[in-house]
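Accompanying notes for the structure given below.
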Amino acid sequence: MTNLLNGLNDKQKEAVLHFEGPLLILAGAGSGKTRVLTHRVAYLIEECGVSPYNILALTFTNKAANEMRERVESTVTYDAHNVWVSTFHSTCVRILRRYIDHLGYDRNFTIYDADDQKSLMKDICKSLNIDTKKYRERTFLNAISRAKDELKTPEQYAIEVQKEYNKKIFANVYKEYQRRLKKNNALDFDDLIMLTVELFKSNEEVLDYYQDRFRFIMVDEYQDTNTAQFTLLSLLASRYQNLCVVGDDDQSIYKFRGANIYNILNFEKVFPATKVIRLEQNYRSSQNILEAANQVIKHNSMRKDKALWTEQGKGEPICYGRYDNEYQEAQGVAEDIRKQVRETGMSYSDFAILYRTNAQSRVFEEKLVFAGIPYRIVGAINFYSRKEIKDILCYLKTINNSADDIAIKRIINVPKRGIGQTTIGRISDFALTNNYSFFEALQRVDEIPGTSRGAAAIHSFVDMIEKYRARLRDNFYSLEDLMNELLEETEYVKLLEAEETVEAQSRLENIDSLLNKITQYEEEAVEEATLDGLLEDIALVADIDTVDDDTEQVLLMTIHSAKGLEFSHVYLCGMEENIFPGAMATFGDDESEMEEERRLCYVGITRAKEKLTLTSANQRMKNGETNFNKPSRFINEIPRYLIKQTYGAVYKEKPDFNGVKFSPDFSKSPASNFSRDRKNPFANNPYIQKGMPQAVEADYTVGDMVSHFKFGQGRVTDMKDLGNDKEVTVDFEGFGQRKFRASFAKLKKI
DNA sequence: CAGCCATATCTTTTT
DNA sequence: GATATGGCTG
């Protein structure tokens with residue numbers, strides 16, 4: 001008992017010692033919430049006699065679940081593995097695998113990822129004659145996802161929007177989408193939650209069983225729950241009312257995914273007996289970092305007022321580096337990391353580079369490779385969404401679930417078998433009119449007119465799939481053998497080997513990793529290793545789940561992915577208006593969007609333990625356009641005395657831009673906030689006087705000597721007219737020939 | 001049917 | 001810049 005409370009502060013102890021009834025823990029960043037949760041699990045088991053079997057702990061990522069499971073197992077002395085620690089989605093899959101037949105689905109259902117959803121939506125738009133130029137697939141999918149977050153069925157959705165004429169099409173699409181999912185025996189991510197709720201609501205015995213099983217429920221990152229998840233929790237907890245949720249409204253950053261902030265703000269209203277405990281002492285960050293975070297988040301109006309404090313010292317100042325462009329920014333960060341590692345002996349794993357959008361990772365990757373720094377990019381392209389991996393998984397999905405049209409269509413002609421778009425179209429139409437699945441239509445290919453050319457290939461494809469199905473059904477071989485034989489028979493590997501390119505080589509390596517994953521799954525499977533178990537394992541992993549904290553590598557990821565993690569040194573990069581906060585939040589008319597961006601900034605800042613570095617670039621390429629953005633407003637929201645502007649090398653070297661001095665106020669960059677496009681680079685440039693001809697006038701010409709701030713003196717050897725600009729070629733002493741845009745290079749005639 | 005090139009459009013953020 | 005689509009040719 002005593003060691004359960006060792007080293008905990010009074011508030012933490014109070015939370016750990018809470019036994020029955022609803023509990024809301026408002027836990028600020030770094031306030032030791034995981035510790036509280038695990039110790040409370042131990043307390044319930046060891047002091048209150050609760051069976052581990054009756055405890056459920058829910059998280060959002062597998063990484064968080066694994067960490068909590070490990071900590072529970074090392075804290076609790078017996079039977080800890082019986083505690084159900086899992087993500088919302090895995091929990092629901094587990095329940096649905098047992099009972100989904102009550103809802104008219106088959107128990108070996110497939111889980112669709114974003115790619116599969118999009119393919120399905122494409123098919124639907126085609127068959128409903130919807131112009132995807134006018135309405136993009138994503139638009140529908142987003143609307144459907146939001147509806148499901150709110151537990152709205154297609155029928156309810158249709159009733160709700162019947163007065164809005166332009167929404168009618170959405171209702172139709174949603175209805176068709178859901179119909180096709182069911183026909184394919186497939187569920188999307190949102191279905192996992194929504195259908196579990198539906199199951200509980202429609203089936204008293206099932207609900208009864210789980211209510212009794214999960215007598216004590218704990219939820220991490222509660223601020224990110226949506227309405228469906230909240231309903232799920234209320235249903236489960238309604239009998240015993242032992243629901244303990246931990247969250248921080250200041251860290252709510254998933255509104256776009258349907259997170260409902262009122263779940264946390266109104267928790268006490270829904271559960272009137274709630275005990276509320278606030279954890280405000282931070283154990284993670286230095287005082288300077290915490291102060292910066294507090295000051296930034298203070299600018300939000302829609303929040304529960306609170307302030308984190310720490311007993312730690314002030315620590316290092318927050319550094320701000322301002323660079324000319326994103327390449328210099330990345331180089332500056334890479335150099336800084338290398339310097340720190342060399343001088344202080346820190347490990348590369350102590351560093352994280354965080355940014356707002358995945359697109360920003362590319363330049364960092366380039367510079368880290370060049371600097372020889374080991375790194376790992378989290379997110380961006382998930383391992384399982386690589387082409388070769390998806391192809392092979394779709395073979396497995398096809399074998400597992402014959403109703404999954406999307407999977408079959410993806411691989412029916414991969415590798416090339418001479419089954420083209422027209423043939424697939426004919427089969428698809430045939431399937432639709434006769435209400436067959438795509439695979440059933442393939443089996444009846446001889447009845448379909450106009451498909452004779454591909455018929456032989458289709459027969460052998462069908463035979464192959466059926467062969468694997470039969471062997472798997474008869475337990476003929478392991479998943480590993482299955483996959484090896486599949487790779488052999490389809491010649492997938494052979495064809496890649498024949499390519500002899502670097503790209504093919506990396507694809508082959510990825511296939512090897514997938515094979516390893518399969519072997520590992522079979523070895524570690526708790527219950528029987530099955531094909532749909534494997535596919536589900538794969539469908540529900542996020543990229544962040546596979547990150548190993550002990551590997552010597554710098555981590556690069558979005559701030560969203562970094563939630564829940566901590567690092568000694570954090571670089572928050574791309575701190576510019578229109579990047580962070582993003583343009584959507586700035587130009588939208590919804591103040592709450594800006595507040596969400598600010599919370600995201602708060603999350604980013606509070607990831608840092610010892611040192612925080614902010615960077616911005618004056619100029620940045622976005623969607624093939626060069627943008628000039630002001631430094632982020634969030635930088636200005638941090639008190640100046642906390643910030644040390646360090647290696648803004650360019651800022652020092654070039655104190656002016658087109659002759660206008662930089663203001664000492666970070667935000668008042670003269671060249672701020674206009675963007676230019678390729679065709680008309682000066683359209684929005686405030687430095688081009690109105691009425692002036694748009695073409696750039698240069699006071700030098702071929703043969704003239706000019707000077708450049710970096711390369712020194714040189715002779716102009718060529719000038720090419722680009723319409724609105726000129727390309728100038730200069731031969732420098734010592735640097736050779738360089739090409740410039742006259743508008744950018746500030747060349748002076750001498 | 002497959003492979004190549006031109007073009008359009010785009011970006012938040014993810015289980 | 002990168003990716004997805006559409007049209008053309010062999």
Side-chain angles (χ1 to χ4, degrees), chain A residues 58-65 86-93 111-115 117-119 122 132-133 136-138 141-142 145 148-149 187-193 221 224-226 228-229 252-259 326 354-363 366 378-382 384-385 387 413-425 451 453-454 457 536 538-545 557-564 574 578-588 593 596-597 599-601 603-604 620-627 677-678:
Chain A
L58 291 172
T59 63
F60 277 89
T61 65
N62 293 296
K63 187 171 164 56
S86 174
T87 66
F88 272 96
H89 290 90
S90 307
T91 299
C92 288
V93 172
I111 300 165
Y112 275 1
D113 66 14
D115 263 15
Q117 287 180 288
K118 203 176 164 206
S119 306
K122 229 180 223 172
T132 50
K133 290 243 163 60
R136 272 193 306 280
E137 291 94 342
R138 270 261 63 89
L141 287 168
N142 282 334
S145 182
K148 289 184 178 179
D149 289 340
L187 273 64
D188 65 18
F189 284 121
D190 303 309
D191 280 340
L192 297 177
I193 314 287
E221 306 280 12
D224 291 330
T225 52
N226 61 32
Q229 286 154 341
S252 159
I253 55 173
Y254 282 107
K255 191 169 165 232
F256 72 93
R257 213 170 67 189
E326 69 266 45
L354 309 182
Y355 34 75
R356 178 66 235 270
T357 64
N358 281 308
Q360 290 165 256
S361 66
R362 235 198 66 249
V363 184
E366 193 179 296
V378 179
I381 348 117
N382 183 308
Y384 294 109
S385 37
K387 186 192 174 301
N413 200 30
V414 177
K416 303 264 176 293
R417 297 188 173 84
I419 303 168
Q421 223 37 65
T422 27
T423 308
I424 293 173
T451 53
R453 192 133 64 111
E536 149 192 337
I538 287 171
L540 297 180
V541 290
D543 205 24
I544 190 73
D545 298 333
M557 66 188 106
T558 62
I559 305 169
H560 281 92
S561 298
K563 194 174 61 133
N578 297 329
I579 301 289
F580 190 27
M584 294 291 203
T586 312
F587 297 115
E593 275 191 58
E596 178 135 328
E597 294 283 308
R599 289 193 292 270
L600 190 57
C601 183
V603 168
R620 178 185 301 274
M621 191 86 121
K622 198 181 153 196
N623 298 343
E625 276 198 339
T626 304
N627 286 267
D677 64 357
R678 263 179 300 224

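Atoms considered below: every heavy atom in the structure, side chains included; atoms not considered: hydrogens, waters and symmetry mates.
Across B:dT15, C:dG1, B:dT13, the shortest atom-to-atom separation from the side chain of A:M621 is found for C:dG1. Distance from the side chain of A:F189 is smallest for B:dT15 among the nucleotides B:dT14, B:dT13, B:dT15. Nearest nucleotide to the A:T61 side chain, out of B:dT11, B:dT15, C:dA2: B:dT15.
At least one donor-acceptor pair closer than 3.5 Å links the side chain of A:N226 to the backbone N or O of A:A228. Not one N or O on the side chain of A:N358 forms a donor-acceptor pair closer than 3.5 Å with the backbone of A:G379. Judged by distance alone, with hydrogens and angles left aside, the side-chain atoms of A:N413 form a donor-acceptor pair with the main-chain N or O of A:I419 at under 3.5 Å. A donor-acceptor pair under 3.5 Å is formed between the side chain of A:E326 and the backbone N or O of A:M621.
Here the CD atom belonging to A:Q229 is positioned 10.5 Å from the OG1 atom belonging to A:T91, to the nearest 0.5 angstrom. Atom-to-atom distance recorded for A:M557:CE and A:K563:NZ is 13.5 Å, nearest 0.5 angstrom. Taking OG from A:S90 and CD from A:E536, the interatomic distance works out to 7.0 Å, rounded to the nearest 0.5 Å.
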Any protein N or O atoms within reach of nucleotides 3-6 of chain C? Criterion: under 3.5 Å, listing atom names and distances.
unit_1 : atom_1 : unit_2 : atom_2 : d
C:dT5  : OP1    : A:K122 : NZ     : 2.3
C:dT5  : OP2    : A:K122 : NZ     : 3.2

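In this entry the distance linking NZ of A:K255 with C1' of B:dT13 reads 13 Å, nearest Å. Taking atom CG of A:D224 as the reference point, atom P of B:dT13 lies 17 Å away to the nearest angstrom. Atom-to-atom, CG of A:L141 to C1' of B:dT11 comes out at 16 Å; the value is rounded to the nearest Å. For A:E597 and B:dT11, the CD to C1' distance is 13 Å, given to the nearest whole Å. One interatomic measurement links the two molecules: CD of A:Q229 to P of B:dT15, which rounds to 13 Å at whole-angstrom precision. For A:Q117 and B:dT14, the CD to C1' distance is 11 Å, given to the nearest whole Å. Atom CG of A:D191 is separated from atom C1' of B:dT15 by 13 Å (rounded to the nearest Å). In this structure, the CZ atom of A:R257 is 9 Å from the P atom of B:dT14, given to the nearest Å.
The existence of a salt bridge linking A:K622 and A:E625 is excluded, since no basic side-chain nitrogen approaches an acidic carboxylate oxygen closer than 4.0 Å.
A:N358 comes within contact range of the sugar-phosphate backbone alone, with a heavy-atom separation under 4.0 Å but no base atom that close. Within the nucleic acid shown, A:F60 comes within 4.0 Å of sugar-phosphate atoms alone, with no base atom in reach, counting heavy atoms only.
B:dT13 has no stacking from A:Y254 on its base ring, since the centres under 5.5 angstrom apart and planes within 30 degrees of parallel are not both found.
Under 4.0 angstrom from either OP1 or OP2 of B:dT11 there lies at least one side-chain N or O belonging to A:R136.
Distance noted for atom P between B:dT13 and C:dA4: 15 Å (whole Å).
Put simply, the side chain of A:E221 does not reach to within 4.5 Å of the side chain of A:T59, judged on heavy atoms.
The aromatic rings of A:F60 and A:F88 are tilted relative to each other, their planes meeting at an angle between 30° and 60°.
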Q. What one-letter contact string describes nucleotides 1-6 of chain B from 5' to 3', where B marks a base within less than 4.0 Å of any protein heavy atom, S marks contact via sugar-phosphate atoms alone, and - marks no contact?
A. SSS---

